[in-house]
Amino acid sequence: MRADLLLDAVEGLDEALTAVDGFDAVLVGGLLRPRPAQAGGLSGLADALAGTPLASRVAEATEKTSAGGGDEGHFVALAAARTALLGSVHDALVARVDEVTGRPVADPWAAAPDSGEERAGNLLVAARGWLCDLARTGWQGIDHELVGGAAPVVSAMLPDPALRRLATLLDGFAAELAAYCPGASLDRVPVRRWADLWARALLLTLPGAASGPAVREVGGRLLPLGVDVQEHATAVQAQVHAVFEPADGGVPRLVRASVSAPKPDTVVGAGLWQVLRPHMSLLGAVGEGRAVDIDAMPLTAEGDLLWDDARARAGEPADVFATARVALPAAAAFDVSPLDRHPVRIAVPVLVEGYGVEGDVVEGYGVEGDGVEAARDVAGGVVLDVAGCRLRVDTDRVPAAGPLTPQAVASSGACLGLLRWDAGEFLLQPLAVERTVRKKPVAVHAGAWAGGTSDKAGARAEKAATDAVVVLRERAGKLLRK
């Protein structure tokens with residue numbers, strides 16, 4: 001791993017992000033009557049796209065919008081320009097990561113064949129109209145009446161599986177905006193986030209844009225690397241990153257397998273596994289450190305396994321650090337679809353070893369049986385010194401649903417994690433670490449409790465979570481019987 005390359009500047013990156021920020025600032029005040037100060041943000045977007053196939057359309061959209069005459073077509077062009085710029089940032093950063101890891105380059109992205117069907121065009125038009133009204137008003141002008149306009153569109157879309165992706169995005173976006181209403185009283189606006197959601201939703205209203213990647217069935221051996229727990233107040237997802245070895249002897253590939261479930265906001269920590277455990281063929285393998293043999297499992301062109309427990313069975317023991325040292329360096333990634341090219345999507349499995357650790361560790365009361373500290377803290381965060389290069393650890397992403405802690409990372413000698421990019425720098429999200437406890441190597445995994453646990457800390461958390469989930473299921477059952 002060429003860690004020094006992570007610190008080198010990426011040509012054109014700052015200019016592209018500056019253009020995106022300028023346009024996002026225009027959306028705060030709205031596109032109906034842009035003030036002179038906002039015109040610079042629009043012209044900056046057009047300048048950044050000069051010389052590209054979008055240049056003429058974006059220039060026209062910028063001119064019309066600056067004059068207060070922008071229509072839906074112009075707003076779609078602006079959203080496409082913004083998405084293209086962030087896509088170029090994504091591609092440049094991924095190219096840098098490929099240099100750092102030295103892994104095979106991803107295959108070109110393949111879309112599913114277009115069925116040619118025009119589905120619910122009126123609903124797409126209605127959704128586009130609502131999103132354009134948002135853009136005209138701006139985030140500072142939103143109110144409950146405007147935001148509530150999404151509700152009938154979402155309700156009409158949800159029954160149609162082909163529209164559910166867009167419906168879910170609109171529903172979540174509208175709920176988030178409603179929580180901030182009225183916009184005139186906002187002290188702080190999540191500018192980048194809302195612009196991301198707006199642009200993505202607007203492009204998904206175009207015919208054919210919501211088509212998923214091509215899917216094929218595969219068989220072979222899945223070697224889990226670690227699990228990334230993504231939690232929301234009403235839902236949770238466990239995304240397992242793994243190396244897939246095809247049964248036909250083809251090139252090993254980096255894949256993801258995700259399982260998700262709805263949940264009440266009171267279920268947190270180790271309780272998350274309780275609602276995810278119906279998918280034990282995957283979570284059990286992660287918790288027990290085993291491979292998974294899969295047969296005819298659907299795999300998308302972006303590297304996502306559409307998990308089906310009936311097509312998987314537990315395999316032999318597979319140590320994740322052995323997988324990371326032997327199989328990971330030769331595993332090729334899949335490409336990313338055009339609409340999904342965004343810096344926030346970057347999550348590349350890497351193994352980092354032989355580093356020093358920056359950060360003051362405050363001693364506490366020793367260690368427990370599995371080597372996890374009982375009462376220690378790390379002041380100032382954790383930064384790894386990899387061959388003289390500082391790599392900050394994203395400890396905020398370490399889930400509370402497992403024994404992996406920032407303190408364990410601070411006392412480790414090897415870290416398997418996801419290389420991400422945020423706020424202008426590369427970060428490492430730890431999935432597992434290897435430490436020395438009583439002169440023996442001990443691995444600590446974020447997903448160690450996924451399939452159940454026998455260690456003391458995990459057992460206590462598991463019992464508390466089980467009690468809470470049982471009570472909630474009991475109450476839900478009573479309500480359903482009434």
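What you see is a predicted model, and the numbers here were worked out from it, not measured in a lab. Residue numbers run from 1 in the order of the sequence given.
Of the charged side-chain nitrogens involved, at least one lies within less than 4.0 Å of a carboxylate oxygen, so that Asp304 and Arg256 count as a salt-bridged pair. Salt-bridge annotation for Arg341 and Asp335: present, with a side-chain N of the basic residue lying under 4.0 Å from a carboxylate O of the acidic one. Using a cut-off of 4.0 Å between Lys/Arg side-chain N and Asp/Glu carboxylate O, Asp196 and Arg82 are scored as salt-bridged. The pair Arg192-Asp21 meets the salt-bridge criterion, with a side-chain N (NZ, NE, NH1 or NH2) lying under 4.0 Å from an Asp/Glu carboxylate O. With respect to Asp171 and Arg164, no salt bridge is recorded, no charged nitrogen being found less than 4.0 Å from a carboxylate O. Under a 4.0 Å N-O distance rule, the pair Glu316/Arg290 does not qualify as a salt bridge. With salt bridges taken as basic N to acidic carboxylate O contacts below 4.0 Å, none links Glu99 and Arg2. Salt-bridge check for Arg392 with Asp422: failed, with every basic side-chain N at 4.0 Å or more from each acidic carboxylate O.
Of all heavy-atom pairs between Ala432 and Leu404, the closest is N-CD2, 4.0 Å. The heavy-atom pair separating Leu416 from Leu225 by the smallest distance is CD2-O, 3.3 Å.
Neither side chain, Ser88 nor Asp91, offers a donor N or O lying under 3.5 Å from an acceptor on the other. Side-chain atoms of Gln407 and Thr405 form a donor-acceptor pair, as typed in the model, at a separation below 3.5 Å.
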* Asked: Checking side chain to side chain contact (heavy atoms under 4.5 Å, CB included) for the pair Ile294/Trp307: CA distance, chi angles, key distance, verdict?
  -> CA-CA 10 Å; Ile294 61 176; Trp307 195 257; 4.0 Å; yes
* To do: Report the C-alpha separation of Arg200 and Asp340 in whole Å, then their side-chain angles, then the decisive distance to 0.1 Å, and conclude whether the salt bridge (charged side-chain N to carboxylate O under 4.0 Å, His left out) test is met.
  => CA-CA 9 Å; Arg200 182 174 181 80; Asp340 290 337; 2.7 Å; yes
* **Evaluation steps, salt bridge (charged side-chain N to carboxylate O under 4.0 Å, His left out), between Arg253 and Glu245** => CA-CA 7 Å; Arg253 308 302 297 258; Glu245 297 180 335; over 6 Å; no
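With sequence neighbours excluded, the residues satisfying side-chain hydrogen bond (donor to acceptor under 3.5 Å, both in side chains) with Asp394 are Arg397.
Separation of atoms CE (Met157) and CG (Leu169) is listed at 10.0 Å; rounding is to 0.5 Å. In this structure, NE2 in His90 is found 12.0 Å from CH2 in Trp421, a value given to the nearest 0.5 Å.
Relative orientation of the His445 and Phe321 rings is tilted, given thresholds of 30° and 60° on the angle between their planes. Between Trp198 and Phe23, the two ring planes are tilted [angle within 30° to 60°].
More than 12 non-hydrogen atoms from other residues, nucleotides or ligands lie less than 6.0 angstrom from CZ of Arg345.
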